[in-house]
Amino acid sequence: WERPDGSPFRQRLLVVANRLPVSAVRRGEETWSLEMSSGGLVSALLGVKEFEARWIGWAGVNVPDEVGQKALTIALAEKRCIPVFLDEEIVHQYYNGYCNNILWPLFHYLGLPQEDRLATTRSFQSQFAAYQKANQMFADVVSEHYEEGDVVWCHDYHLMFLPECLKRYDRKMKVGWFLHTPFPSSEIHRTLPSRSELLRAVLAADLVGFHTYDYARHFVSACTRILGLEGTPEGVEDQGRLTRVAAFPIGIDSDRFIRALELPQVQENIKELKERFSGRKVMLGVDRLDMIKGIPQKILAFEKFLEENAYWRDKVVLLQIAVPTRTDVPECRLLYMLDFIVSDQKLTSQVHEIVGRINGRFGTLTAVPIHHLDRSLDFPALCALYAVTDVALVTSLRDGMNLVSYEFVACQDSKRGVLILSEFAGAAQSLGAGAILVNPWNITEVALAIGQALNMTAEEREKRHRHNFLHVTTHTAQEWAETFVSELNDTVVEAQQRIRE
Ligand code: G6P
C-alpha cells in the first residue's frame with residue numbers, strides 16, 4: 001500500500017466494524033451502487049494521514065449468490081472496503097438479536113428484555129451462539145487480509161469476541177478494541193448471562209478504549225469483580241499479561257463542518273430557514289429514533305416550558321429530526337418511561353401523538369410550535385440547521401458520546417447558540433463547562449433549562465460557546481484515531497520489552 005506519490009505509508013491499519021462506511025444498493029446481477037456514509041468513525045478515519053486504512057465489515061445487505069458477492073467485493077475494493085457476508089438468519093440472531101436487543105439496551109442501562117422468561121432464555125442462547133459465530137466470520141476475513149505488522153482496530157459492542165478470535169489466529173497480531181457506547185456499571189454488566197465470556201474475549205486485545213474515564217473504570221471493575229482479576233492504573237492484569245484500558249474521547253472532523261458553512265447551497269439553506277422562522281427562536285433536536293435518545297421526554301419538557309411560559313408560545317419553534325434506524329429489531333424491549341410502555345417500533349407513533357397534542361394545544365392557524373421529521377437530512381441541510389439554531393437540545397437518557405452536540409458547536413461560530421446537554425451523554429464530560437447540563441428524566445429541570453437558554457445574555461453565550469468551540473476544534477476525530485493507534489503500537493512494544501526482561 002502506497003501514498004499517491006509512491007511513498008509508503010507508515011503503517012497499515014485494518015479497521016473492523018460491524019457496518020462498512022458505505023451502503024450498497026444492488027442495481028443488477030453484477031452491478032452495485034455505493035454511497036459513502038458520513039458517520040463519526042468514517043470521518044475520523046478518512047482524515048488520518050499516517051495510516052493506510054482498510055475497512056472490514058458487513059455491507060448491510062443480504063447477498064446470497066456468488067456472482068453478486070464477487071461483484072460487490074470488487075466494487076467495494078475501490079472504496080478500500082472488504083465485505084463480510086452475513087446471511088439473513090445470522091443477521092437476525094446476531095445483529096437484531098444479541099447486539100441490538102440485548103447488548104445495546106443493557107449497555108444503556110435499560111436492562112435485559114422483559115418478555116416471557118423461558119422464550120428469552122431460549123433465544124438468548126441461540127443469539128449468543130450466532131454472535132460468536134458472526135465474530136468468527138469477521139475474524140476469518142481479517143486473517144485473509146492481515147500481514148505481519150498491521151494494526152487491527154476492532155470497533156464496538158458488535159465485535160466483543162473479535163479480539164479473542166484474532167489472537168487465536170496470531171498471538172502477535174496488534175489488536176485494539178474500542179467501545180462507542182457506554183460501558184455500564186459492573187452491577188448492570190453482571191446481570192448478563194454471558195458476562196464473563198465477553199469480558200475475557202475483550203481482554204485478549206492489547207489496548208481497550210472507551211469514550212470516558214467512567215466507562216473505562218466500569219470495565220476494569222467488572223473484570224475485577226466478575227473475573228477476579230487485578231485492576232491497575234494501566235488496565236487489567238491476568239497472570240502477568242496486561243491489557244491496557246484507557247479513555248480516548250472521540251471528536252469530529254470540525255473543519256468539514258466549518259468549511260461547509262461557506263458552500264453556496266448551505267448559505268442558500270440558511271437564508272431560507274432564517275426567512276421561514278423569522279421572529280422566532282429556533283430550538284433543534286437531531287437524533288436517531290432510538291429510545292436511548294429520550295425524544296418523548298424532550299418533547300414533554302418543551303410542552304411544560306410552553307405551558308409555564310405563555311410569553312414564548314409564538315416566539316419559539318422546536319425542530320426535531322428523528323432518523324429511523326434498526327427497524328427490524330424485535331419489539332420485546334418493554335420499558336416503563338413516564339406513564340407509557342415503550343418499544344422501539346412504537347416510539348414513532350408515540351412521538352407523533354405527543355407532537356400532535358402539543359401542536360393542537362399551542363399552535364395557531366399560521367404556526368405550530370413543533371416540526372417533527374422522521375427522516376435524515378443531507379449534509380448541507382443539516383449544517384444549515386445547526387447554523388440557524390439558537391438552542392440545541394441533546395437530552396439522551398444514555399449516550400456513549402453524542403457527536404450531534406459537537407457538530408452543533410462547530411457550526412455556531414457566528415450565532416453562539418446554547419447547548420442543553422444530558423449529563424448521561426459522554427459529551428457532558430468534555431462540553432459540560434460550556435453547556436447547560438440536565439437530567440433528561442427530570443422534565444421540570446429541562447423546561448427550566450430551556451428558559452435559561454432562551455434568556456441567556458449574549459456575553460454568557462459567548463463565554464460558553466468559546467469554551468466548547470475550542471474543545472471541538474482541538475479534540476478532533478483525526479487526533480482521536482492517531483492517539484489510539486499510536487498508543488496501541490506503544491503498548492505492544494512495552495509488552496514485548498516486559499517479556500524480554
Ligand atoms: C451507534 C453504534 C454504531 C452504529 C450506529 C448506527 O452509534 O455505536 O456502532 O453503527 O449506532 O447503528 P446501526 O445499527 O444502524 O449500524
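In listed order, ligands and their atoms are each counted from 1.
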Taking heavy atoms and a distance under 4.0 Å, where does H155 meet ligand 1: side chain, backbone, both or neither? neither

Aromatic contact between F161 and F138, with the criterion being ring centroids under 6.0 Å apart: yes or no? no

Under 3.5 Å, is there a donor on one side chain and an acceptor on the other for Y95 and R19? yes

Return yes or no for this condition: an N or O of Y157 is under 3.5 Å from an N or O of ligand 1. no

Protein residue, atom and distance nearest to atom 12 (O) of ligand 1, heavy-atom basis: R326 NH2, 3.0 Å

Can a donor-acceptor pair be found between the side chains of S194 and Y131 at a distance below 3.5 Å? no

State whether any protein heavy atom lies less than 4.0 Å from atom 10 (O) of ligand 1. no

Would you tell me whether Q132 and Q136 have side-chain atoms, one donor and one acceptor, within less than 3.5 Å of each other? no

Do ligand 1 and D156 have nitrogen or oxygen atoms that lie under 3.5 Å from each other? yes

Are side-chain heavy atoms of I82 and R54 found at a separation under 4.5 Å? yes

Scan the protein's non-hydrogen atoms and note whether one is under 4.0 Å from atom 7 (O) of ligand 1. no

If we ignore angles and hydrogens, is there a donor and acceptor under 3.5 Å between the side chains of N439 and N442? no

Using a 3.5 Å cut-off on N or O atoms only, is R19 in polar contact with ligand 1? yes

